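Here is the naming used below: chain letters follow the sequence lines, and residue numbers restart at 1 for every chain. FYI, side chains are in, hydrogens and waters are out, and symmetry mates aren't considered; it's all heavy atoms of this structure. Worth saying up front: this structure is predicted, and the values here are computed from it rather than measured.
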2 protein chains.
Amino acid sequence: MNKPLKNILLADVAQEAGVSTASVSRVLNRAPHVSKQLRSRVETAIEKLGYVPHGSARALASRRIGAIGALVPTLDNAIFSTGINCLEQRLKHHDYRLLIATYRYDLDDELEALHTLIQQGVDGMVLIGHDHRPSALTTLTRRQLPFLTCWHSIDDANWPSIGFDNTAPAHALAEHLLSLGHRLLAVVGAPTEGNDRARARLQGFIQATERAGCPIPPERIITVAYGIAEGFQAFEALMRLKPPPTAILCGNDILAFGVMLAAQRAGVRIPDDLSVTGFDDLPQARFMTPALTTVAVPAADIGHQVADALVARIAGETPAHRQLLDAPLVIRESTGPLNTTA
Amino acid sequence: MNKPLKNILLADVAQEAGVSTASVSRVLNRAPHVSKQLRSRVETAIEKLGYVPHGSARALASRRIGAIGALVPTLDNAIFSTGINCLEQRLKHHDYRLLIATYRYDLDDELEALHTLIQQGVDGMVLIGHDHRPSALTTLTRRQLPFLTCWHSIDDANWPSIGFDNTAPAHALAEHLLSLGHRLLAVVGAPTEGNDRARARLQGFIQATERAGCPIPPERIITVAYGIAEGFQAFEALMRLKPPPTAILCGNDILAFGVMLAAQRAGVRIPDDLSVTGFDDLPQARFMTPALTTVAVPAADIGHQVADALVARIAGETPAHRQLLDAPLVIRESTGPLNTTA
DNA sequence: TGCTTGAATGTAAGCGCTTACAAGGCCGTG
DNA sequence: CACGGCCTTGTAAGCGCTTACATTCAAGCA
């Protein structure tokens, strides 16, 4: 059994088993109308020869490659990698593989990667959010490729989606701070270019504060890349303002961690001197001291449901255009009433 | 231009351009010996028809699919997702796609996923570490599939590798603590089943302490899954021991964060009352208070170099069997001299 | 018994591309 | 001017599988 296995073809199996190639194929594909004995004869032959089907040939003949493509801004973001991890595991159950491409929030890169994946012949596509080049939608539609967007989900979008509303929880977070008496709010957000989630969260913060009659001045809204270091530095910049904010709304948990760690270094007490909020509810959030008030993003759920729904679409079903998941506020200890004694 | 684009074939392009299918194929594949005018005529036709090559057909005829497979324990681990992220980006430069499968440290799952990826026809494979079912190596070799392991790299392994020595830095970490006067050490490690990296680190800790004549008793070596919560709980368990350890060696940064956050909650001062070490040097490590003493794992480098080396192997080159990267100790503030006043 | 029916299996025509080989055209050289 | 050789292009044979259609055969029924 030491000869290279590459050259063993379906035809060899057929010969070994004394049946036709069609029958071997039927056994391989669990087609109906195959007798027990034929099946076992073929299986024995496959076993004996160590036959492995040739994926590309199969794909060419059957018009499906058994893989779906995922277009993700980056995997270097804990919440995405959690979602993708679940997506992949679930797809495996459906017997689909995952082809991944990242585009670092560059929508032209994304479009190019989309074309590449389509060219590979993926059976379906998953995109994140609704921010894409218009021609991405056209391409997917024209090629009649089953697809789904996830993470962000808004009402009137052209894109079918499974996700949550990013604006409302952000709005609620801001209201929560306002209700605690805070009026000097500041925001540390992620860049909004090519990122509708970041934009939606920012809008939530802004709307809530404007509605309450205490809009946040632009210089108190800073935008930094994803990262602990960035949050750390943002804290320092904000606390130099006169007067410094009494509460900081962060676009995601990582930025919030950066802010909290910087505060800890600077001797600024949370929540006594400063309230801080995050967004994502990473595992770490509850273990910080104080535990972080944030929004629980259903990353694992999204991964699962996207897998199920996309496979259904590939199978010809047409599930709901939009599936809205819950992203509840998780109020912990990093937010507290405005301290008026200071 | 609104008809479905699926049905436009290479032959259509050939007809439109008034050339043979072979010529179109040559243009597509940047083959030599194609005149300027023929090329431009074909390119115009491709543009006009919106032609996209059919990946599977191409793969079948050319015996390469333009994708490599990666077998990863999980993406839900910051250091892996960073490495994979870099790998994917680099592969894109080489015009290769990434097919991902996860196996949650279950080597039978890994073997199965390996077969699946091979069946898909990947042009090369990346695995993590040297812990695999023996038949994995046989399969790869028999199929003559270019492959590489990464992350862990030891001298006498059968596996070609690009990675670092996990034992030596662990050893050094333990020595560092010993040299600070600590004798009551404890370990919070990751499960070693199917994980040679975790095992190597543990070995490093054990060897160094035994060599120094103060071996760590088994009940002070606890093994928990990857996660902040797990580190948190491990701290609580260890501190209940009499006498409690004066230093804790953690198998990775996430566990160390858990330990530190638990210590913070419990009012245990680091490094005064307790020294803590990590392993990975996640971005957050330097921003903790105190900043975490750890080992800098070259995750991004690994991603890049694996991509380059694997592509080279696919191209028929045979780079070094082993490429050893540096994983330096990063001594920060979470470790300090044994406090004898307590 | 003879016919219908449908399950089980085989035959062979693709799937859409690459590439070995053949052929044609042009050049420089003797 | 004839010829070898190279560059360019075309022809057509696969690549390894799936599947529509054809065929066979046994069972069911009147």
Give the intermediate values and the outcome of side-chain hydrogen bond (donor to acceptor under 3.5 Å, both in side chains) for residues S81(B) and N85(B). CA-CA 6 Å; S81(B) 53; N85(B) 197 54; over 6 Å; no

If you apply the rule ring-ring contact (aromatic ring centres under 6.0 Å, His included), what do you find for H321(B) with W159(B), and how did you get there? CA-CA 8 Å; H321(B) 181 73; W159(B) 300 89; 9.8 Å; no

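Looking at Q89(B) and C86(B), their side chains never come closer than 4.5 Å, going by heavy atoms from C-beta outward.
One side chain, R322(A) or S153(A), offers a donor N or O that lies under 3.5 Å from an acceptor on the other. Counting only N and O atoms by type, the side chains of N158(B) and H130(B) include no donor and acceptor under 3.5 Å apart.
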B/S/- along nucleotides 17-27 of chain D (protein heavy atoms under 4.0 Å) is BSBB-------

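Atom NZ of K36(A) and atom P of dT9(C) are 12 Å apart (whole Å). In this structure, Q15(B) atom CD and dG16(C) atom P are separated by 15 Å, rounded to whole Å. Separating the CG atom of D12(A) from the C1' atom of dG16(D) is a distance of 11 Å, rounded to the nearest angstrom. To the nearest angstrom, C1' of dC15(C) lies 13 Å from CG of N7(B).
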Tell me which donor-acceptor pairs under 3.5 Å the side chains of residues 114-122 of chain A have, and how far apart each pair is, sequence neighbours excluded?
residue, atom, partner, partner atom, Å
H115(A), ND1, L111(A), O, 3.3
T116(A), OG1, E112(A), O, 3.0
Q120(A), NE2, I65(B), O, 3.3

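In this structure, Q15(A) places its CD atom where only 12 or fewer heavy-atom neighbours from other residues, nucleotides or ligands lie under 6.0 Å away.
Between E110(B) and R133(B) there is no salt bridge, since none of the side-chain N atoms of the basic residue sits less than 4.0 Å from a carboxylate O of the acidic one.
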Identify the pairs formed between an N or O of the protein and an N or O of nucleotides 4-8 of chain C at a distance under 3.5 Å, and give each distance.
residue, atom, partner, partner atom, Å
dA8(C), OP2, H33(A), ND1, 3.4

